[in-house]
2 protein chains.
Amino acid sequence: MYSSELLKGSLKTIVMQQLKEHGKMYGYEITQKVKEISSNKIQLTEGALYPALHALEAEGFLTTETEFIGKRVRKYYSLTPTGQNKVLEKINEFAEFVSTMKLILQIETKKA
Amino acid sequence: MYSSELLKGSLKTIVMQQLKEHGKMYGYEITQKVKEISSNKIQLTEGALYPALHALEAEGFLTTETEFIGKRVRKYYSLTPTGQNKVLEKINEFAEFVSTMKLILQIETKKA
DNA sequence: CAAATATACATAATATTCTTATGTATTTAA
DNA sequence: TTAAATACATAAGAATATTATGTATATTTG
């Protein structure tokens, strides 16, 4: 796990990218997918994830459908059309930020 | 300027890297240097910078010397030996984080 | 089969770290 | 001479994370 200060500000971008890539997903699924892709380096915490999902929904970037799996509720999130644009924006913003940081820190980042 | 959420968690790394590169610097100088290198994209605010400098000093990563330029005080910061190690750590951590994020966001970052 | 672990949601208290605003004061440029 | 730049600093507030807590079902393991 990273000293996750760095994660601040990137969480929503990560979440939306997952939805962009995999279509509708539920919260727990997102945490597991991100954990898997990052080889356990990024573990989204519930206390951060759920409020973020709710905020994105309130902002109009996500919609939800509730499903019952047995007796257990599962809440699926998907990107709205606005959300589809937003995630592209977010990713570009992140890429630009990294470019600037590479310049400042004088580093080359390797492919992961 | 970025939606500077992304900057959160990177500020101390940026500051220490500047000191690593240029030797002793004072606060205002750091803001100007970073602004210049980033082509105005990163503008450190005083309300964030000075507390960060004080914190880094308290943590033992920086030392200070005060100088008078005319009647005006100028406070120079430099890396301590511990600070020299810390900045390398921080930069590595950032590079690793970016690698993971590139994997997650499926992007290639260009040279700035 | 009982107990531990994993799945699945959520919120509250707290911590951290930023922005914005405010304050003080000197120096330089218009 | 007045505005802008230089140079420090702190306080109020906002945003966003961590940690803890709560509830409940489903699955795995000893």
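Not measured: the values here are computed from a predicted model. Numbered from 1 within each chain, the chains take letters A, B, ... in sequence-line order.
Distances shown here put every side-chain N or O of B:Y26 at or beyond 4.0 Å from the OP1 or OP2 atom of D:dC8. Taking side-chain N and O atoms only, A:H54 has a distance below 4.0 Å to OP1 or OP2 of C:dT11. Side-chain N/O atoms of B:K75 include one lying less than 4.0 angstrom from OP1 or OP2 on D:dA9. OP1 or OP2 of D:dC8 has at least one side-chain nitrogen or oxygen of B:Y50 nearer than 4.0 Å.
Going from atom CG of A:L49 over to atom P of C:dC9 covers 8 Å, rounded to whole Å. The CD atom of B:E57 sits 13 Å away from the P atom of D:dC8 (whole-angstrom rounding). Rounded to an integer number of Å, the gap from B:E29 CD to D:dC8 P is 9 Å. Taking atom CG of A:L44 as the reference point, atom P of D:dT16 lies 15 Å away to the nearest angstrom. In this entry the distance linking CD1 of B:I42 with P of C:dC18 reads 12 Å, nearest Å. The nearest whole Å value for the distance from the CZ atom in B:R74 to the C1' atom in C:dA25 is 15 Å. At whole-Å resolution of the value, CD1 in A:I30 and C1' in C:dA8 are 13 Å apart. Between B:Q32 atom CD and D:dA7 atom C1' the separation is 11 Å, expressed in whole Å.
Every residue two or more places apart in sequence or in another chain that forms a salt bridge (Lys or Arg N to Asp or Glu O under 4.0 Å) with B:E59 is listed here: B:K12. Considering only residues two or more places apart in sequence or on other chains, B:Q106 meets the side-chain hydrogen bond (donor to acceptor under 3.5 Å, both in side chains) condition with A:E21. Remark: A:K20 engages no residue in a salt bridge (Lys or Arg N to Asp or Glu O under 4.0 Å) (not counting sequence neighbours).
Ion pair A:E89/A:K86 flagged as a salt bridge, since at least one NZ, NE, NH1 or NH2 atom sits closer than 4.0 Å to an Asp/Glu carboxylate oxygen.
With distances taken from any side-chain atom of A:P51 to the nucleotides D:dC8, C:dA8, C:dT11, the minimum falls on C:dT11.
At the heavy-atom level, B:G27 lies under 4.0 Å from the strands shown only through sugar-phosphate atoms. Using a 4.0 Å heavy-atom cutoff across all strands shown, A:E46 reaches at least one base atom of the nucleic acid.
The two residues A:S10 and B:L6 make their nearest non-hydrogen contact at OG-CD2, 3.7 Å.
If you chain together ILVMFWY residues whose side-chain heavy atoms come under 4.5 Å of each other, A:I69 ends up in a group of its own.
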Please list each protein N or O that sits under 3.5 Å from an N or O in nucleotides 23-27 of chain D, with the distance.
unit_1	atom_1	unit_2	atom_2	d
D:dT25	O2	A:R72	NH1	2.4
D:dA26	OP1	A:K71	N	3.1

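Contacts between residues 11-19 of chain A and DNA chain D, defined by a heavy-atom separation below 4.0 Å, involve A:L11, listed by number.
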Show me the donor-acceptor pairs within less than 3.5 Å that the side chains of residues 47-58 of chain A make with the rest of the protein, sequence neighbours left out.
unit_1	atom_1	unit_2	atom_2	d
A:H54	ND1	A:Y50	O	3.4
A:E57	OE2	A:T64	OG1	3.2

Please set out all donor-acceptor pairs under 3.5 angstrom arising from side-chain atoms of residues 29-37 of chain B, sequence neighbours excluded.
unit_1	atom_1	unit_2	atom_2	d
B:E29	OE1	B:Y26	N	3.1
B:T31	OG1	B:Y28	O	2.5

Go through the steps to decide whether A:V87 and A:T13 satisfy the test side chain to side chain contact (heavy atoms under 4.5 Å, CB included), and finish with yes or no. CA-CA 6 Å; A:V87 66; A:T13 307; 5.6 Å; no

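Residue-to-nucleotide proximity on DNA chain C shows that, of A:V73 and A:A48, the 5′-proximal contact is made by A:V73.
Note on residues 66-78 of chain A: pairs passing salt bridge (charged side-chain N to carboxylate O under 4.0 Å, His left out), not counting sequence neighbours, are A:K24-A:E67.
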